[in-house]
Each structure stands twice: as structure tokens, then as C-alpha cells.
Amino acid sequence: MKEKIQRFINSELFENLLPVLILIMMTLLFAILTGGRFMSATNIKLIINQATVIALIATGAVFVYSSGKMNIAMGSTTCVTVMIGILIYARTESLPMTFVGSIIASIGIMACVVFLSNLLHLDMQALTTMLMVFMQSIQSIVLVKGSWAIPYSTVIPLQKANIPMIMLFAYFIIAMFLYDFTPIGRNLEYIGENRTCAQLTGIKLNKYVALSYLFCSVGIGLGAGAFIIRNASIGPSSGSSLNMDVILAMVLAGSPLKGGSKSKIYSGIIGALISVGLGNGLTMLGIGSYYIQIIKGILFLVILISTSKRPDSLPVKQML
Amino acid sequence: MPQYLLKCEDVHKSFGITKALDGVDFCVERGKIHGLIGENGSGKSTLANIIGRIYAADKGKFTLRGETWTPKSPQEAFSDGVSIIVQETGTILSITVAENLFLGRYEEFSDGFIVNAGKMEKAADQILSSIGVTSIYGSQMTARLNMQQRKIVEIAKAVSNDPDLLIADETSNILSEEGREILFRLFDKQIKNNKSVVTITHNIEEAMELCDTLTILRDGKVTATLNKEEFDENRIKSLMIGREIKDSFYRTDNDEYGEEVVLRMVDATSLRDVTRVSLELHKGEILGIGGLAESGMHTLGKMLFGAERLACGKVECNGKTVDSPETAVALGIAYISKDRDVESLAASTNVSANIAITGTDVNVISKFIYSVKKEKKYVLDQIERLKIKVNSRFDKVSSLSGGNKQKVAFAKWFARDCQIYIMDCPTRGIDIGVKQEVYRMMYQLKQQGKSIVLIGEEMAELIGMSDRIIILKEGRISREFRRSEGVTEDKLIHSMF
Ligand SMILES: Nc1ncnc2c1ncn2[C@@H]1O[C@H](COP(=O)(O)OP(=O)(O)OP(=O)(O)O)[C@@H](O)[C@H]1O
Ligand SMILES: [Mg+2]
């Protein structure tokens, strides 16, 4: 019996189910601790609304992370994209134009970075670090005089119609199709497992890395749209925790940061729910937002340490 | 009355549902070289790793120098005088040679708090030169060394403690002539000092010549332990495989090959060790390439695949320049690297993903949609064809035995329909049964009009399989032989020096 349990715990099925189990356990725990308030319809709705933005961004990010690359500028790029979206609204007063424009803008930003990376032979990962700093400065410099906004009344019907949820659903279906039902996901995961070997297998590394960043930017554009629908405004420090939240969402749902075959396309959604639910539950219990950030940070570290388990044989090192 | 250094009795070891060792008795006499042979996955490495305490046995009694022996870690086994050179990569690439040599023993070189790197590097140089190696230094970064050199660092590490028992797990097949000489000299030294050696190999001639005793494993059980006077090649083979194996190992024909040149290298020089080499590979030809380890033959294989920067010259296939692995694969070229853990396989993922990766463009329904069903057939066909020993196709590659990993590296390219196969030491670490199968497949490929570049350190293999053999010496072509000429091993070796 004990052996059977052990085997189940080591199995892949369990590994895949674990994030869902964590989500359920966390929900139950908070429901008990808050005397049911956590489970109230309004609160659940709040969590889902908040999680949608993160889930949109994180779902796109799976493409990048599965190949062992990183994009730490996702949150700040989203904020700048929101700014561009609001500018577009100011010009056109058309919400559809705003959303389409946001997606085009974020793809544009990423395309520039990909182009630079190919031109200068610089690693995408290094470039996204610079991108993050660049985007953050734009946001804080431009918005220093005050927030930008569009009339809140214009987004209310969209909130009522649950447009962000619909966007997430549609994007998730497309992402899942591309990741699991075309060769793209398999190639990205193989690159994440062993770059040298992937290259010697004839996989077009540059093409796939560029592709993955572009998919990621579509998620960012949609995330920006959902952000606008939810908030209708952006200030100099809005979305400052978004960078961290997205990455936390991914590791919480078991996607390894070093990439590879354990990456799962749905981890963005489940991770976003866990991450937002955790913050929300702790707030209900009266813990200050400052401490919540610290708790999340520690959690992040714990997960990183526990998932980088030592192999049980001698090291089979990968050359980068 | 034989004097036993080590006695292992009734050793059991399972990995999940795999029974790797099932009641093995294994005794090593002093002053003897004890060979351990058997098919891929028969449990040789597992036994060796248990003696070196890299794995713990599930059950078993161990006696060292007449006393019960229960080491708790590899370090403890090492300091008790039991050293092992493992089959897999046993060095860390990101540190220096000296750091690898003294891994886990840094405190011996510390002045108070900090480790004195200079002192350690000097000690490393001393150990290396004491075994006759002068081309590797303690201060070098390990990543700069090639596979053979890294193995030599591991050998140096294993003997640095003057062990009573030296275990070498398929060490000789990574080394070329000079490396093997170093290793065998160390074996001799052990014997002279009334110490012992356990060596694992798939080269039966080598084992028969070198060893005083042979233990044959099959499916985790000992099928026989033979003394030198009982050695008989055919008997050993059938004890290993469990059936008779016919003598014709290599191809016996003198078939010609086509006129058409399918791959051409013109005056190519690499940034490393190949200088101005020109060669042509013809349709249906098996072209052997031989030489010493430093002759540049391994680099040459990579150059033909576009995986090595050229200082000048070019490689052409079908009128197109081969300048990257991407173009090479698109042109129907396959490359099986000698360094399987780093270059051929993604060890941390499963067998299926590793084989299927070469077929992501063919395992589709209409151009775009991936077919899991086609993938399954693509993978299972190869597992069956090469008899890869797995519980399921989703077994991790890192859990396979060395030879079975090599089979996966093969399977990956055999599954795809390629025109040219560049094989760098393709039969390294695979057992005679599978070897015969691989040779048969190579001949089949030739008959189908495919071409093969066979880079090898085993002379018999080159002579047995090639239509033409090119010998490299210090990065240049030193001689060329034709199959029809009646090539001998002596002639080949002579042209290498
Ligand atoms: N770490 C591991 N996890 C799971 N299974 C393992 C592990 N190591 C070995 N095995 C299994 O144990 C069996 C014996 O493996 P072992 O490595 O001892 O074979 P071997 O005789 O050394 O073969 P080879 O000649 O191919 O090196 C194999 O079926 C292998 O798949
Ligand atoms: Mg082995």
C-alpha cells in the first residue's frame, strides 16, 4: 500500500494534478479560516477578474519559458501597452480600435526586440531585462503628472459582458492548439531540455525563439486590453507587481523556469488563480499588502529550491 | 586458496519495477583483473555503481579485505580504497580540471578559510603527469577539454588515492589508442602491487586478452564466472546473449558504390584541429574515417554537418552549401555524435520525445496539425527495431543503461528518412548482438543508395564496414585505403603516427 502511494506520488499524473489539488486545498482552507466569506460570489468574481489579466499574460509566457528562455519584462510591457491603448482611445474613441491597437503595439514592441536581438546577436533574455527597465521608465516619466484614463462608463458594459473572460477563453484555445496540436510546443520543449542537442537535431533555434516571444506578446496585448476593461486608467505605479505575479503564477502551477517537457499550457491559468487567490485570502485575514508581497517572494524561493532537485545519479551537465 | 579483496554476496537492486540485479554474487581476487560483461541493460553498471556506493543496494552482503564493509557514501568508498570511473559523464564542465580532480576534498588545500587554488592545481599537475599525461593541466577549464580528455581527468581522479580496487565502467571505448595505453598501464600497475581491477567492456577480444577472470551477467543474474583457461569466444557470447551468434559480424561483400558525389568538402579548415581537408562522399558509399584522438576526425564529422565554424573552405551537398545543422538536416543529413549525453540526447526527458523530435515535420495530418498517433508509431517502430530496453516509451532517457541510450540516439535518426548518415563512433557501448544488427542496418542503408560517413576508433570496424578509409593525422589526410586493397589494422595504425 505504502509503495503504491509512493509510486503514485512519483508519477507524472500526480505531478500534473498537483497544481489543481493545491488550488482546491487553498480554497477550502481560506473558506474555513474566513468563515465562508472567501467563497462568496462577489469575492470569487473579484478573484477571477484579477486573475484574468495575469492568466492572459502567463499563458503566452508559457511559450517562452518552455524553451528555457525568460521574459521578465512582461508586466511592464503590459503597462506601456495599456498607455498606448488609452492614447488610441483618446484619438479614435473606439474601443475595438483600442484593443486591436494594443495587440499590434505589443507585437510591435516585441518584434523590435527580436529584430535587435538578431541584428546585434544579443540574447533575447538579456534584451528583455533592458526592455523592462526601459518600459518602467516610460511609465513613470510619462505618467508623473498624473494618471491617464478613459471614461469608466464606457467599459462597464464590457465588464458586464465578461469580455476579459471571453478573451482568455479564446486565447487559451488558440494557444493550446498551437502548443499541443502542432509541432511548435514539442520543439520548444526540446530546446528547453537541451539546447546543444536541439541545435544538432536541426531545430531552427532562432525561428522558434522569435516565434515564442511573439506569441508571448499577443498575450501581453490581450492582457493590456483586459487591464483597460477592468481599470479604465493607469497611473505611474499601476501594475508594478505584475512582473512578479506572472512569474509566480507560472511556477506555482509547476512550470519549470528552466523549460523543458514539464511545461504545460494550462499552468498560466491555474497559477494565476492560485496566486491571486492567495493574495486575496491573506488580505481577508487582515494581513497587510506589504507582508503579502514578502510571503509571495518567500513562496517563490521555496518552489524554486524544491523543484531544482538534485539528480540521483552523477551530473549530466548541459552545455549552454 | 584465493585471496579475496572484495566479496559481494546476494546483491539485489530494483529501480521501480525494473529488477536491475537479482541475487548477484561477485568476488574480486587480489592481483587479478576481473572483467564484467553482458548485454546492454544486464546490470553491469548497476553492480559497479553499488560497489562504488553511488547507489545503495536493496539487499546484499559486502566484505572488503576480510571485513564486513558498509560505506555510506561514494566519498567513503573512495577513502576505503575503492575507486570507480563511471560510464556516464563524471566531470563538471564549469570548473577547472583541478577542482574536478579534488571534488569534495578541497579542505585538503585550504589555508584557513580559503582554498589555495594554486596549490591544488600543482597537485593536479603532479597526478596527471604521474600517469603519463602532459597535455592537460590542473588550471584548465574542463569545458575546454574534449570527451577523451575529460575521461582521462576522471581516470586521474580515480587513481589519485592509490586505490586497492579500481573499477572502470566502459572506459576504454571512449579512449583512442594513446588513452587506452594510459589506462592499461594503470591496470598493470595495480596488478603488480597485488591490487585489483574490475573492468566492464563490450569488446570481448579486449576482455579475453586483458582479464584473468570474467563474470557474465544476464538480466541481473550471473550466468557464469570463467577463469582464463576456460575462455572461449563463442561460449562467452552465447552466455551473454543466450543464443548462438554467427561469426559473420561485418559485411563480407565487395559491392561497389555509385559515381555520384552526394557530399563534398573542399579545402576546409576549422578553427580547431582540421587543416585543408578535401573529400568526397559518393552515393551508396560507406566512408570510414580514422585517426588518433587528436587527429581532428571528430571535428571533421561536425564540419560535414555544418556544426563547426569553418575558417576557410566549404561543404556542399546537392549544390547547396552546408553551413548549419538546420540546412544539413533539411538536405537529408543526419549526425550521431560521440558525446551522447550532451549532444545526441536530452537525457532528462523521455525516450519518446527524444525519438519523435526528428519527425515533427512528418508526423502531421495535413501540413500543420500534429498527429500523436503517427508519433506513437514513429517511436514504437524504432524501439522494436533496435530492441531498446524500456518499460514504456515514456521512460526517462537518464534511467536507461548506457547502451540503450546509444540506441535511442540511433533510433532518432533511423526513424527519419535521411540520405547521408554521419556516425561518430556509432557502436560505442552497445553489445555484440545489437552491434551486429547495427552493421546489418548500415549495409542495408548502403544497398538503398544512402551514404554513410563512419568515424571510428575501432580499426576492425573501419576495415570491416568501409568501402574506403581515410586516415587523418594532425588534422590532415595522411592516407587513403580502398576496401579492395586488402587493408590490415597494422597498415592503418602505421599511417596514423
Ligand atoms: N537510475 C535508474 N533508474 C531507473 N532504472 C535504471 C537506473 N539505472 C539503471 N536502470 C535500469 O537497470 C537496468 C540495468 O542497467 P545497467 O545500467 O546496470 O546496465 P548495463 O549492464 O550497464 O548496460 P550497458 O551495457 O548498456 O551500459 C536497465 O534496465 C536500466 O534501465
Ligand atoms: Mg553500463
Side-chain angles (χ1 to χ4, degrees), chain A residues 3-4 6-13 15-16 66-68 176-209 256 258-263 307-320, chain B residues 15-17 49 54-55 74 86-94 142-143 302 305-307 324-330 333-337 339-350 353-354 356-361 363-364 368-372 375 394 397-399 409 412-413 416:
Chain A
E3 197 178 311
K4 254 189 189 161
Q6 191 65 36
R7 199 176 298 166
F8 177 66
I9 287 179
N10 287 332
S11 72
E12 202 160 328
L13 180 67
E15 221 166 76
N16 292 342
S66 63
S67 73
M176 186 168 78
F177 172 75
L178 289 175
Y179 196 85
D180 287 334
F181 296 93
T182 71
I184 294 172
R186 276 153 234 267
N187 280 307
L188 286 174
E189 285 178 4
Y190 205 74
I191 295 172
E193 290 286 349
N194 183 344
R195 281 186 88 67
T196 314
C197 171
Q199 194 167 19
L200 289 175
T201 307
I203 296 178
K204 300 183 174 107
L205 284 189
N206 288 343
K207 178 185 130 183
Y208 277 103
V209 169
K258 57 182 193 308
S261 55
K262 294 237 162 67
S263 313
T307 50
S308 54
K309 195 177 71 180
R310 287 192 174 279
D312 36 19
S313 54
L314 267 155
V316 179
K317 276 270 164 178
Q318 293 190 5
M319 262 195 296
L320 287 175
Chain B
F15 297 101
I17 53 172
N49 287 340
I54 292 169
Y55 297 145
V86 293
Q87 183 177 11
E88 309 303 330
T89 322
T91 47
I92 297 172
L93 293 181
S94 53
T142 313
K302 285 201 171 135
F305 190 61
S324 72
E326 282 167 42
T327 37
V329 171
I333 308 178
Y335 172 68
I336 300 163
S337 168
D339 190 354
R340 65 174 165 243
D341 286 330
V342 176
E343 296 185 342
S344 300
L345 298 169
S348 50
T349 186
N350 61 45
N354 269 289
I357 195 66
T358 55
T360 52
D361 54 344
N363 291 326
V364 286
F368 208 55
I369 300 175
Y370 196 77
S371 163
V372 180
E375 175 192 273
F394 298 113
V397 168
S398 57
S399 77
K412 168 174 163 177
W413 288 112
R416 192 183 168 87

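Chain naming here is simple, since letters A, B, ... match the order of the sequence lines and numbering starts at 1 in each. The shown structure was predicted, so the numbers you read here are calculated from the model rather than taken from an experiment.
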- Message: Between A/I203 and chain B, with a heavy-atom cut-off of 4.5 Å, which part of the residue counts as in contact: side chain, backbone, both or neither?
- Response: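 Answer is both: backbone and side chain atoms of A/I203 are under 4.5 Å from chain B.
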- Item | A/K207/B/E326 salt bridge by N-O under 4.0 Å criterion |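 The answer is no: the pair does not qualify as a salt bridge.
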- Max heavy-atom pair count under 4.5 Å with chain A, selected residue of B/V329, B/V364, B/T360: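 Most pairs with chain A among the choices: B/T360.
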- Query: Do A/D180 and B/Y370 come within less than 4.5 Å of each other through their side chains, counting heavy atoms only?
  - Reply: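 Contact flag for A/D180/B/Y370 side chains = no.
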- Task: Could you tell me which of A/F181, A/F177, A/Y190 has the largest number of non-hydrogen atom pairs under 4.5 Å with chain B?
- Result: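 Looking at each option in turn, the highest pair count goes to A/Y190.
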- Closest-packed option against chain B by number of heavy-atom pairs under 4.5 Å, given A/I184, A/L200, A/L205: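 Counting heavy-atom pairs under 4.5 Å, the top option is A/L200.
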- Message: I need the minimum non-hydrogen distance between B/A346 and A/C197, along with the two atoms involved.
- Response: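 Residues B/A346 and A/C197, closest heavy atoms: N-SG, 4.1 Å.
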- Message: Let's go through B/E343 and A/T196 carefully: what are the C-alpha distance in whole Å and the side-chain angles of both, what is the deciding distance for side chain to side chain donor-acceptor pair (under 3.5 Å) to 0.1 Å, and is it a yes or a no?
- Response: CA-CA 6 Å; B/E343 296 185 342; A/T196 314; over 6 Å; no
Sort [X] into side chain, backbone, both or neither according to what part of it lies under 4.5 angstrom from a heavy atom of chain A.
X: B/F368; result: both
X: B/N354; result: both
X: B/T349; result: both

- Quick check: does any side chain N or O of A/N194 sit under 3.5 Å from a backbone N or O of B/L345, one acting as donor and the other as acceptor?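 Checked: pair present.
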